[in-house]
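Note that these values count all heavy atoms, side chains included, but never hydrogens, waters or copies made by symmetry.
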Amino acid sequence: QVQLVDSGGGSVQTGGSLTLSCTGTPRIFSSDLVGWFRQAPGKEREFVATIGRDDARAEYADSVQGRFTISRDNAKNTASLQMNSLMPDDTAVYYCAAAVSDSYPYTAGEYDYWGQGTQVTVSS
């Protein structure tokens, strides 16, 4: 059973913006942390951002701090990742993920559910 579906990727030029969306099950959005990861070709999947179930606290990777904003709407079972000032190094497949956790996990292995991924390409 599909738990998460992410979308919104595309191709932009340096300095551009994109908003990624993630839709999930009511159970996930009533109880789980939601995060975003990314994986570039030949690299490991890396943490981008995560947000608590009540939307009160968010954590970001240093590489995206100040440029990306994670949010969630539990009533609509959705989460978003607003990405501004995009750079070529942001090019990757981006994945929405959910964790049954009370902490704020930063590693992929700590997340329980994953979207299928959406490609983001930033050209110089």
Side-chain angles (χ1 to χ4, degrees):
Q1 181 181 1
V2 176
Q3 302 284 341
L4 294 169
V5 177
D6 37 42
S7 61
S11 296
V12 297
Q13 293 187 327
T14 298
S17 298
L18 281 173
T19 301
L20 305 183
S21 298
C22 174
T23 301
T25 64
R27 191 209 65 74
I28 285 176
F29 280 88
S30 67
S31 62
D32 295 353
L33 277 77
V34 174
W36 289 92
F37 283 73
R38 65 187 183 187
Q39 188 165 18
K43 295 186 177 181
E44 293 187 354
R45 194 167 296 189
E46 66 172 358
F47 169 78
V48 174
T50 191
I51 188 167
R53 60 181 61 86
D54 60 2
D55 201 17
R57 173 184 162 190
E59 301 282 343
Y60 297 91
D62 290 344
S63 59
V64 307
Q65 180 77 48
R67 299 187 298 122
F68 291 10
T69 302
I70 188 172
S71 62
R72 64 190 287 169
D73 185 336
N74 293 338
K76 297 181 178 179
N77 300 321
T78 60
S80 296
L81 184 69
Q82 173 67 44
M83 305 185 295
N84 298 325
S85 302
L86 284 162
M87 304 181 295
D89 283 350
D90 295 318
T91 294
V93 177
Y94 283 69
Y95 298 89
C96 176
V100 182
S101 174
D102 291 329
S103 64
Y104 280 72
Y106 302 124
T107 61
E110 297 177 275
Y111 283 76
D112 303 285
Y113 305 102
W114 291 87
Q116 80 284 2
T118 184
Q119 176 71 48
V120 172
T121 302
V122 185
S123 58
S124 57

Test side-chain contact (heavy atoms from CB on, under 4.5 Å) applied to [X] - qualifying residues, sequence neighbours left out:
X: S30; result: none
X: Q119; result: T91, V93, T121
X: K76; result: D73, T78

| query | For V5, what are the other residues in its hydrophobic cluster, where any two members join if their side-chain heavy atoms are less than 4.5 angstrom apart? | reply | V2
| task | Among residues two or more places apart or on two chains, list those pairs meeting ring pair (Phe, Tyr, Trp, His ring centres under 6.0 Å) that have a residue in residues 96-124. | result | F37-Y111, F37-W114, F47-Y106
| field | ring pair (Phe, Tyr, Trp, His ring centres under 6.0 Å): pairs with one or both residues in residues 68-102, sequence neighbours excluded | value |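 Matches after skipping sequence neighbours: none remain.
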Restricting to pairs with a member in [range], which pass salt bridge (Lys or Arg N to Asp or Glu O under 4.0 Å), not counting sequence neighbours?
range: residues 112-124; result: none
range: residues 20-31; result: R27-D32
range: residues 60-69; result: R67-D90

Side-chain atoms of residues 15-22: list all donor-acceptor pairs with protein atoms under 3.5 Å, sequence neighbours left out, distances to 0.1 Å.
unit_1: S17; atom_1: OG; unit_2: N84; atom_2: OD1; d: 2.9
unit_1: T19; atom_1: OG1; unit_2: Q82; atom_2: OE1; d: 2.4

| field | Counterpart residues, salt bridge (charged side-chain N to carboxylate O under 4.0 Å, His left out), relative to E110 (two or more places apart) | value | none
| request: With sequence neighbours excluded, tell me which residues meet side-chain hydrogen bond (donor to acceptor under 3.5 Å, both in side chains) with S101. | output: S103
